[in-house]
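Data first, discussion second: the structure below is written as structure tokens.
Chain identifiers are assigned alphabetically (A, B, ...) following the order of the sequence lines, protein sequences preceding nucleic acid strands; residue numbering begins at 1 within each chain.
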There are 2 protein chains.
Amino acid sequence: MTARAAHTSHNHRACIDDALATARALCDERGTQLTPLREKVLQIVWKSHKPVGAYDVLDELARSHKAARPPTVYRALDFLMAEGLIHKIESLNAYLGCIEAGAPHTGQFLICRNCGATEEIVDPKLETALEAAAARAHFKAERKIVEISGLCARCIV
Amino acid sequence: MTARAAHTSHNHRACIDDALATARALCDERGTQLTPLREKVLQIVWKSHKPVGAYDVLDELARSHKAARPPTVYRALDFLMAEGLIHKIESLNAYLGCIEAGAPHTGQFLICRNCGATEEIVDPKLETALEAAAARAHFKAERKIVEISGLCARCIV
DNA sequence: ATGCGATTGTTATGTTGTATCATCGGGCCA
DNA sequence: TGGCCCGATGATACAACATAACAATCGCAT
């Protein structure tokens, strides 16, 4: 799938379909189980380019899956994160579909405080700067969280 | 006050005293009220170089202040953040004393997953990389969160 | 058929954070 | 001096986010 700015208009249906197809291919290749439940949760997270809370996922999931409870959702989210199919946005306690599933990475995010749209970027220079900063402090970096909030291009007056 | 690696041994008593003195000076200068309650909360947050949860602050505060309730603590934490005296570590839902109080900045943090010690760094190159990444996406950055978790120098075998 | 591991169901609870209204206390001014 | 305003704190309740612990189910290899 191709990276795409969250704010650009696009056929989001295709966007979701791409994500699901990529997910199915990846899990098949890895021998992990993208069950119908997990796929449904992935689809719900992908409904928009805005991070979605676990309980919003639960509400949506419950429409078609009455047995859904918080652990149902959190387990699915955990699986999807472990497979690199979604990211957690720590500053929002919310989850977002990953645009580069398959290429292991820790995401870098631009979060619009006005419209909520959140764009995942992959910036090698930023990545290098993060590594360098850690190295200078003799720190072994494992997970690198970058969440920049502000105004997206569409929301700047 | 001088920046200091979280893992280095030092006279932490002096470390706290410095932080409190700086805080008092800053609030005095700004005409904001560092009340006894707020100062006590700041002191509790500074008890170590590990981020501390709001409810841990509450437990500690309640020892000397029986009326303490969650809003008591959250209001104090909000004030201290607004004054730039503490930071919130989003990935831990916890709070940490700021080592550069007075110089407005969004912190960058190295969080040891083994010992919990968290070092605040101020890295101009990283700052530049963050700005550049946002600019490339035509994004107006306001708050920049960087939280790197891994192993600190002392915890690397 | 049986036992094993992975997935999901189910109930309960733990953790983090806010909304709302009441009360207190100091400064200000008529 | 008395009343008023406002920022800080008290107090109660609740909302939002997340996990513990155990039961049930199901495919599959032995």
Would A:E119 and A:H49 count as having a side-chain donor-acceptor pair, cut-off 3.5 Å? no
Angle class for the A:W46/A:H12 ring planes (parallel below 30°, perpendicular above 60°, tilted otherwise)? tilted
Determine, stepwise, if the pair B:E60 / B:K40 fulfils salt bridge (charged side-chain N to carboxylate O under 4.0 Å, His left out). CA-CA 10 Å; B:E60 180 66 21; B:K40 179 68 181 171; 5.3 Å; no
Do A:R38 and A:E83 pass the salt bridge (charged side-chain N to carboxylate O under 4.0 Å, His left out) test, and can you show the C-alpha distance, the side-chain angles, and the key distance before you say yes or no? CA-CA 11 Å; A:R38 290 165 173 172; A:E83 295 296 325; over 6 Å; no
To the nearest Å, how far apart are B:I89 CD1 and C:dT16 P? 14 Å
Just checking, any donor-acceptor pair under 3.5 angstrom between side chains of A:E147 and A:Q108? no
Taking only N and O in the side chain of B:N93, is any of them less than 4.0 Å away from OP1 or OP2 of C:dG17? yes
So, does B:K50 use its side chain to make a donor-acceptor pair with the main chain of B:C115 at under 3.5 Å? yes
In whole Å, what is the span from the CD atom of B:E90 to the P atom of C:dT16? 13 Å
Over all strands shown, is B:K88 touching base, sugar-phosphate only, or nothing at heavy-atom distances under 4.0 angstrom? sugar-phosphate
Please report the C-alpha distance between B:R13 and B:D17 in whole Å, then the side-chain angles of each, then the deciding distance to 0.1 Å, and finally whether the salt bridge (charged side-chain N to carboxylate O under 4.0 Å, His left out) criterion is met. CA-CA 6 Å; B:R13 177 78 217 167; B:D17 291 344; 3.4 Å; yes
Could you list all N or O pairs between the protein and nucleotides 6-14 of chain C that sit under 3.5 Å apart?
unit_1, atom_1, unit_2, atom_2, d
C:dA6, O3', A:Q33, NE2, 3.3
C:dT7, OP1, A:Q33, NE2, 3.4
C:dT7, OP1, A:R38, NH1, 3.2
C:dT7, O5', A:R38, NH2, 3.4
C:dT8, OP1, A:T35, OG1, 2.6
C:dG9, OP1, A:H65, NE2, 3.0
C:dG9, OP2, A:H65, NE2, 3.4
C:dG9, N7, A:R75, NH1, 2.9
C:dG9, O6, A:R75, NH2, 2.4

Under 4.0 Å from any heavy atom of chain B: name the first and the last nucleotide of DNA chain D that qualifies, 5' to 3'. D:dG7 to D:dT12
Could you tell me whether the side chain of B:Y95 reaches within less than 4.5 Å of the side chain of B:L80, counting heavy atoms only? no
Atom-pair distance (CG on B:L77; P on C:dG17), nearest Å: 9 Å
